[in-house]
**Student:** 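Dropping the structure in here first, questions after.
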Amino acid sequence: MSVPVGHYQYDQVDRDFLEARIAEFSEQVARRIDGSLSEDEFKPLRLMNGLYLQLHAYMLRIAIPYGTIDSKQMRMFAHIARRYDRDYGHFTTRQNIQFNWIKLEETPDILRDLASVDMHAIQTSGNCIRNVTSDEFAGAAADELVDPRIHAEILRQWSTLHPEFTFLPRKFKIAISGSPHDRVAARFHDIGILARPGDDGRTVFRIFVGGGLGRTPIIGQEIFDAVPEERLLATLEAIVRVYNAHGRRDNIYKARIKILVQALGIDAYREAVEAELAQMDLEHYRLTPEMVDAIQARFAVPELSAPDNAAQELASKRRENPEFDLWVRSNTHPHREAGHIIAVVSLKPAGGIPGDATSAQMDRLADLADEYSFGELRITHLQNIVLGHVRQDRLYALWSSLKEVDLASANIGLIGDIVACPGLDYCALANARSIPIAQKLGARFGDASLQAEIGALRINISGCINACGHHHAGHIGLLGVDKRGEEFFQITLGGRAENGASIGTILGPALPEDDTVDAIARLVDRYLGIRQKGETFLDTLDRLGDAPFKEAAYETV
Amino acid sequence: MKRPVRVGAGEKLVLTANRLLDGTIVWRDRLGQWQPVIGAAEKLDAEGVSDVLDLAQARAQADGVVGVYEVAVRDVDPPEPVTVRERIRAHGPTVHPEFAVETVQ
């Protein structure tokens with residue numbers, strides 16, 4: 001079997017483990033169905049296997065480690081959508097995929113199908129270290145310093161079924177990037193890691209701790225600036241141990257590490273971690289260059305080669321076709337290798353459901369990945385798909401194929417690239433529906449030229465305070481709230497997840513669902529009227545504050 | 001402890017759950033059977049719901065359902081849930097009309 005590009009190649013040990021795990025869960029499902037296990041007993045077991053019970057059915061969330069899959073795995077998602085669900089899947093803000101119409105009795109079969117392509121649903125739920133996320137442009141971006149996926153895979157292997165960390169006070173999320181441009185929202189994670197080359201050629205890691213969104217949004221603080229590679233696992237182990245020992249278990253809303261870091265202060269937390277490190281057997285945790293190299297050898301490197309005139313070919317096609325040119329402007333990113341480019345496939349068609357893809361679209365994406373990008377696909381935490389290694393002279397052909405399956409929306413990073421959680425249409429925790437308002441906003445601003453004129457503007461929508469739509473980090477954030485059984489939306493402005501992370505501030509009283517889209521439209525109109533040349537929405541907001549936007553949003557209320 | 005559902009004027013209560021095997025939303029009829037349409041649900045007064053709820057929860061495993069609880073509805077036929085959440089459960093997700101659930105058999 002050939003080694004896949006972009007993700008780790010399983011061996012027999014990995015496959016034997018998955019087989020045993022599925023056999024165990026199959027038995028648990030059978031015992032639940034025959035009544036040997038009560039729902040209270042079964043719930044933590046199913047959650048450890050990614051199975052939730054939502055509003056309408058069971059929901060299965062499948063892990064996509066560091067967001068990277070191959071075409072065979074994408075085709076398996078299409079198969080699951082067709083065979084076991086309602087012909088579509090939903091890509092999430094944790095780079096995972098979830099299926100919303102799953103039957104309990106069929107879950108073991110689904111897990112067996114997943115295992116046949118080296119996938120599973122472990123670490124997608126429960127109070128454990130969740131699936132590690134990473135940069136969607138990893139190993140491809142021109143601005144990258146270190147491919148973070150090698151260390152992301154090491155973290156996956158370290159954290160999966162970690163005996164100490166299976167029952168943490170709450171869920172625990174880690175993201176890792178290897179670029180100076182934070183594309184993983186590192187400062188909004190329990191642990192955020194920025195990798196860079198050290199003086200000796202080995203990787204060093206800047207580590208943030210105690211960030212998060214949800215009920216209490218907090219920006220993570222730097223705990224260490226330059227952890228050497230050989231100390232990475234020991235350091236992370238110590239950070240999580242301190243949390244496991246001292247994190248609150250008496251109140252679910254105060255159980256995340258961010259609350260503990262705030263309570264202790266970052267200096268005291270660092271001291272506690274250093275004290276833990278001082279008593280650990282560091283040799284046991286030492287990550288040697290040989291270990292890292294062994295993991296790296298399980299990733300195939302794409303053999304990149306493009307004709308000398310690839311860039312000219314692309315430029316020529318852009319001049320010939322303004323629609324294609326618009327798409328290239330918003331939906332591509334510079335590649336590290338001449339003659340290549342990174343293409344981002346938007347899962348946000350105007351009026352569509354953010355992050356949803358049909359089985360036909362998944363199959364087509366798999367075909368296109370094989371044809372244009374070494375069979376590799378990445379799922380972004382902004383609910384889009386990346387083909388990382390496209391030859392520039394073939395980009396037009398890729399775009400033409402994407403248009404045929406309604407996947408060529410030119411809106412990445414623009415107002416139509418809306419991030420939304422499933423909301424009250426599916427989620428048992430939600431207070432309001434996220435998707436309909438995303439659809440209305442997407443349709444209102446669907447025109448590609450209008451979106452280009454508005455420029456960089458990110459809208460994030462969450463259906464409840466748990467903030468799965470990352471509304472705190474949206475340039476415009478919408479939080480659904482329940483007022484006497486009816487849906488209202490609170491608007492926040494000024495959030496950002498990348499370098500210079502900040503939490504959006506509340507603009508004013510929540511608006512009824514019917515008024516919210518018009519309020520956002522007025523707010524955007526005001527921005528277009530008052531911006532100075534070259535200003536983005538955030539630039540204008542930083543210059544003038546939120547007063548003009550508040551006036552616009554509430555002018556008819 | 002779960003707070004009792006508030007029942008306003010012109011409102012009743014119905015019992016709902018998810019079917020254990022496939023998660024389908026079901027409603028308890030006057031014979032104690034679980035039906036997939038809210039139109040079949042038995043409407044209960046607030047005073048009488050506690051005993052019926054206890055019985056339904058005790059029989060949940062035998063009946064093949066999970067997560068039994070009460071829902072406030074307007075006293076019309078078919079009953080219409082008071083909250084958006086329960087209306088979505090009764091009618092299906094609002095974003096996929098093709099998945100709409102019938103309210104009467």
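Keep in mind the model is a prediction, meaning the values are calculated, not measured. No hydrogens, no waters, no symmetry mates; every other heavy atom, side chains included, goes into these values. So you know, we letter chains A, B, ... as the sequences are listed, proteins then strands, and number each from 1.
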**Student:** Quick check on Tyr426(A) against chain B: is it the side chain, the backbone, both or neither that has a heavy atom closer than 4.5 Å?
**Tutor:** side chain
**Student:** Taking NZ, NE, NH1 and NH2 as the nitrogens, is one of them in Arg87(B) or Glu486(A) under 4.0 Å from a carboxylate oxygen of the other?
**Tutor:** yes
**Student:** When heavy-atom pairs shorter than 4.5 Å are enumerated against chain B, which of Ile435(A), Asp425(A), Ile102(A), Leu104(A) gives the highest number?
**Tutor:** Asp425(A)
**Student:** Is it the case that more than 12 heavy atoms not belonging to Glu41(A) sit under 6.0 Å from its CD atom?
**Tutor:** yes
**Student:** Can you name the closest pair of heavy atoms from Leu55(A) and Ile88(B) and give their distance?
**Tutor:** CD1-CG2, 4.2 Å
**Student:** Let me confirm one number: the CG-CD distance from Leu37(A) to Gln61(B), rounded to the nearest 0.5 Å.
**Tutor:** 9.0 Å
**Student:** Against chain B, label Ile353(A) side chain, backbone, both or neither, depending on which of its atoms sit under 4.5 Å from a heavy atom there.
**Tutor:** side chain
**Student:** Counting a contact as any heavy-atom pair under 4.5 Å apart, which residues of residues 19-28 of chain B contact chain A?
**Tutor:** Arg19(B), Leu20(B), Leu21(B), Asp22(B), Gly23(B), Thr24(B), Ile25(B)
**Student:** More than 12 heavy atoms of other residues, nucleotides or ligands under 6.0 Å from NZ of Lys440(A): is that the case?
**Tutor:** yes
**Student:** Please lay out, stage by stage, how Tyr88(A) and His96(B) fare under the test ring pair (Phe, Tyr, Trp, His ring centres under 6.0 Å).
**Tutor:** CA-CA 11 Å; Tyr88(A) 71 100; His96(B) 279 289; 4.8 Å; yes
**Student:** Nearest 0.5 Å, please: how far is CG in Asp482(A) from OG1 in Thr83(B)?
**Tutor:** 7.5 Å
**Student:** For Lys254(A), does the NZ atom have more than 12 heavy-atom neighbours from other residues, nucleotides or ligands under 6.0 Å away?
**Tutor:** no
**Student:** Starting from the C-alpha separation in whole Å, work towards a yes-or-no answer on side-chain contact (heavy atoms from CB on, under 4.5 Å) for Arg32(A) and Val66(B).
**Tutor:** CA-CA 11 Å; Arg32(A) 174 68 190 107; Val66(B) 59; 4.0 Å; yes
**Student:** Please flag which part of Ile33(A) lies under 4.5 Å from any non-hydrogen atom of chain B: side chain, backbone, both or neither.
**Tutor:** both
**Student:** Under a 4.5 Å heavy-atom cut-off, does chain B meet the side chain of Asp34(A), its backbone, both or neither?
**Tutor:** backbone
**Student:** Under a 4.5 Å heavy-atom cut-off, does chain B meet the side chain of Asp356(A), its backbone, both or neither?
**Tutor:** side chain
**Student:** So what's closer than 4.5 Å to chain B heavy atoms on Ala428(A): side chain, backbone, both or neither?
**Tutor:** both
**Student:** Strictly distance-based, threshold 3.5 Å: is any side-chain N or O of Arg433(A) a donor or acceptor partner for the main-chain N or O of Pro93(B)?
**Tutor:** no
**Student:** Side chain from CB out, backbone as N, CA, C, O: work out which of these in Glu106(A) comes under 4.5 Å of a heavy atom of chain B, or both, or neither.
**Tutor:** neither
